[in-house]
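Basis for what follows: all heavy atoms, side chains included, without hydrogens, waters or symmetry-related copies. Start at 1 with the first residue, then count along the sequence.
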Amino acid sequence: MKRNWFSRHPIGFMALYLLLYLSAFNFLETRISMPVVTLVHCTLDDLIPFCEYFVIFYCLWYPLLIATAIYLFANDDHSFRLYGWFIIIAFTGTLLFCLIFPNGQNLRPAEFTDPNIFTWLVGRLYHADTNTNVIPSMHVLGCMAAVFGLFRCRCTPRWAKIGVIILTVLINASTVFIKQHSI
């Protein structure tokens with residue numbers, strides 16, 4: 001059976017996709033602005049307090065995705081490929097959804113009442129990642145990919161499976177506690 005380019009070079013394929021994805025994400029972030037989006041809001045959003053400490057869990061999303069990719073690549077080729085395809089399909093679908101249905105939210109605090117290292121990090125995050133294109137959440141989809149990939153891999157230890165579930169819950173909660181997403 002002839003193997004395709006992705007099968008022979010999965011890291012190269014993922015790197016190529018990452019470049020294309022980041023370019024498309026940047027295009028959407030810079031071209032879609034608040035006046036032209038549908039605002040996303042739920043009554044529960046008003047009951048959830050802003051908690052800058054959750055920015056730590058929000059930022060742990062990046063190492064989670066990278067560590068999952070490395071672990072699966074080293075331990076289970078098939079799970080790594082499924083993880084890669086999950087990321088590619090979910091993230092591309094999200095970009096297309098946001099292109100067709102621009103959305104955003106106005107939940108961010110106008111100012112930080114208690115300036116500290118965590119509010120500084122949230123401020124940097126707000127500057128880099130606008131409050132547009134918030135649904136579907138790539139943080140939620142990326143966490144789902146990590147959970148599915150690690151649970152599918154037979155050699156993932158039980159403690160790691162429990163850990164990824166706990167981290168996923170905290171990362172997903174962080175998106176609403178730092179007011180990056182609507183519930």
Side-chain angles (χ1 to χ4, degrees), residues 14-70 83-84 86-147 164 166-183:
M14 293 296 286
L16 178 62
Y17 175 74
L18 183 61
L19 288 174
L20 293 171
Y21 162 77
L22 289 173
S23 298
F25 181 81
N26 183 58
F27 173 81
L28 285 176
E29 283 290 295
T30 57
R31 300 298 188 280
I32 296 176
S33 58
M34 285 307 285
V36 297
V37 304
T38 300
L39 289 178
V40 178
H41 184 266
C42 174
T43 308
L44 287 174
D45 292 327
D46 301 327
L47 301 175
I48 299 170
F50 172 78
C51 183
E52 69 268 24
Y53 305 112
F54 272 85
V55 72
I56 298 302
F57 299 112
Y58 191 88
C59 292
L60 283 175
W61 180 75
Y62 303 97
L64 172 65
L65 295 187
I66 294 165
T68 300
I70 292 168
Y83 173 74
F86 188 112
I87 295 279
I88 289 168
I89 292 167
F91 285 21
T92 301
T94 297
L95 293 174
L96 291 173
F97 180 86
C98 292
L99 184 64
I100 295 166
F101 185 70
N103 57 81
Q105 50 86 356
N106 281 330
L107 302 171
R108 294 175 171 183
E111 64 183 3
F112 300 122
T113 56
D114 183 24
N116 55 49
I117 186 69
F118 301 104
T119 54
W120 179 83
L121 280 170
V122 172
R124 300 285 36 105
L125 175 70
Y126 285 178
H127 180 73
D129 192 2
T130 68
N131 56 342
T132 58
N133 309 315
V134 295
I135 58 169
S137 169
M138 289 192 209
H139 268 68
V140 171
L141 293 170
C143 285
M144 287 174 54
V147 167
V164 77
I166 293 168
L167 186 56
T168 290
V169 169
L170 290 169
I171 289 171
N172 291 338
S174 76
T175 66
V176 294
F177 278 113
I178 66 166
K179 302 300 182 180
Q180 189 66 1
H181 291 288
S182 168
I183 190 76

What are the two closest heavy atoms between [X] and [Y], and how far apart are they?
X	Y	answer
T119	P115	OG1-CA, 3.4 Å
P109	F112	CG-CE2, 3.8 Å
F97	P136	CD2-CD, 3.3 Å
I171	C143	CG2-SG, 3.6 Å
N172	T175	O-OG1, 2.7 Å

Can you tell me how far [atom2] of [Y] sits from [atom1] of [X], rounded to the nearest 0.5 angstrom?
X	Y	atom1	atom2	value
L96	F91	CG	CZ	13.5 Å
I183	F177	CD1	CZ	8.0 Å
H181	C42	NE2	SG	15.0 Å
T94	I89	OG1	CD1	11.5 Å

Acceptor/donor pairs from residues 52-69 side chains to any protein atom, 3.5 angstrom cut, sequence neighbours excluded:
residue, atom, partner, partner atom, Å
E52, OE2, N116, ND2, 3.0
W61, NE1, H139, O, 3.1
T68, OG1, L64, O, 2.7

Subject >> Residue list, side chain to side chain donor-acceptor pair (under 3.5 Å) with T168, at least two apart or on another chain >> reply: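 T168 satisfies side chain to side chain donor-acceptor pair (under 3.5 Å) with no residue once adjacent residues are dropped.
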Original post:
Looking at residues at least two apart in the chain, or sitting in another chain, which of them share a side chain to side chain donor-acceptor pair (under 3.5 Å) with R108?
Top reply: Q180
Backbone N/O of [Y] and side chain of [X]: donor-acceptor pair under 3.5 Å:
X	Y	answer
K179	I48	yes
N103	F101	yes
N131	N106	no

Subject >> pair N133-M138: side-chain heavy atoms closer than 4.5 Å >> reply: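 SC-SC contact between N133 and M138 ruled out.
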Subject >> Any V122 side-chain heavy atom under 4.5 Å of F118 side chain >> reply: no
**OP:** Decide side-chain contact (heavy atoms from CB on, under 4.5 Å) for I87 and Y83; before the verdict, give the C-alpha distance in whole Å, the side-chain angles of both, and the deciding distance to 0.1 Å.
**Re:** CA-CA 6 Å; I87 295 279; Y83 173 74; 4.2 Å; yes
Original post:
In terms of side-chain heavy atoms, does D45 have a donor or acceptor partner in S182 at a distance below 3.5 Å?
Top reply: yes
Original post:
Would you say the side-chain atoms of H41 and D46 include a donor-acceptor pair closer than 3.5 Å?
Top reply: yes
